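Please read all numbers here as calculations on a predicted model, not as lab measurements.
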Amino acid sequence: MGFFTDTSVCIGCKACEVACKEWNLVPADDAGAEGNMDLLGTSYDNTGDLGANSWRHVAFIEQRVPARSMHEDVDVLAAASVGTAEPGSGAPSSSTAENLHSDDLGMPTIGAPKQEATDGDSGIRWLMSSDVCKHCTHAACLDVCPTGSLFRTEFGTVVVQEDICNGCGYCVPACPYGVIEKRESDGRAFKCTLCYDRLGAGMEPACAKACPTDSIQFGELDELRERAAQRQRTLHEAGVTEARLYGHDPDDGVGGDGAFFLLLDEPEVYGLPPDPVVTTRDLPAMWKGAAATALGVAAAVAASFLGGRR
């Protein structure tokens, strides 16, 4: 089980952040523990990044781009329904979708609202994305945990058991995405659990349930990958050629992510590593090398000792 996040229909409402905090009882950031909001002063993004007190983070990215390249005529809501509606589902058909206009619905298209621009002028493009723990197939945080606090669930997700965590912090530098973090107030590590308790009760995670545009989709990973590939094709046909998938490939450096994304720009623009690799990948070879060196030293000491006795 996992997440597919389609950033092309994210409207930055932060419903996912609120739902996550409310369901999981995630406290306010330590900087705002006294009741004061921690305003970062960077656009509408007051979370900053993922951490022990922010299991969901909606990034707001403003790009100054030539007005003509902003795909202002591409209707995301219409494109989202093309080729995806099932008979009897009540979703718009392809012909209906072509007649939908985001201006009529009060919803955004890709990029900023239409702007008056003169020759040589530029406009602003908004990129919004709800980031979360990737629940890697090959999870380095799980590999380095000495207490077994981190474990793989029956749903394929990676969860921290708070009552077993000893606060060693080994998992923090092990994560290639910089997701997991120790909470300053008690020293233990925390991150997204993909609402493990809700999954056990047959419910979808709180963030996906709260998302009003279905930007966050939950389900079986194979099904989500097929849906994501179809969505990418639809956007390419609509002229959004920069649409790309991130974290969907089971053959990548972490064995594929349990939470992957459709992005509208390079991963670095969203603060994501372009080619993540599980940080414990080389540990077996390193241990073998260390063992061989230790055996060599032991053999040399033994030979020296035996030779000295003669």
Same cluster (ILVMFWY, side-chain, under 4.5 Å), I216 and L194
yes
Parallel, tilted or perpendicular: which one describes the rings of F190 and W55, with boundaries at 30° and 60°?
parallel
Rounded to the nearest 0.5 Å, what's the gap from CZ on R152 to SG on C136? Could you check?
8.0 Å
From CG (L272) to CG (D131), nearest 0.5 Å
5.5 Å
Side-chain ion pair, R56 and E22, N-O less than 4.0 Å
no
At what distance, to the nearest 0.5 angstrom, does CG of N166 lie from OG1 of T147?
5.0 Å
Rounded to the nearest 0.5 Å, what's the gap from CE on M128 to CD1 on I11? Could you check?
8.0 Å
What class does the angle between the rings of F260 and F4 fall in, given that below 30° is parallel, 30 to 60° is tilted and above 60° is perpendicular?
parallel
If you link I, L, V, M, F, W and Y whenever their side-chain heavy atoms are under 4.5 Å apart, who else ends up in the same group as L25?
none
State yes or no: do L263 and L245 share one hydrophobic cluster built from I, L, V, M, F, W and Y residues joined by side-chain heavy-atom distances below 4.5 Å, directly or via other members?
yes
For residues L127 and V240: do they belong to one hydrophobic cluster (side chain heavy atoms under 4.5 Å, members Ile, Leu, Val, Met, Phe, Trp, Tyr)?
yes
Looking at CZ of F151 and OG1 of T157, how far apart are the two atoms once the value is rounded to the nearest 0.5 Å?
7.0 Å
F261 with L235, same ILVMFWY side-chain cluster at under 4.5 Å:
yes
Working note: R125 + E242, criterion salt bridge (Lys or Arg N to Asp or Glu O under 4.0 Å); need CA distance, chi angles, decisive distance, verdict.
CA-CA 14 Å; R125 179 172 78 153; E242 61 268 37; 3.4 Å; yes
Salt-bridged, R227 to E223, with N to O below 4.0 Å?
yes
For the atom pair SG (C145) and OH (Y170), what is the distance rounded to the nearest 0.5 Å?
10.5 Å
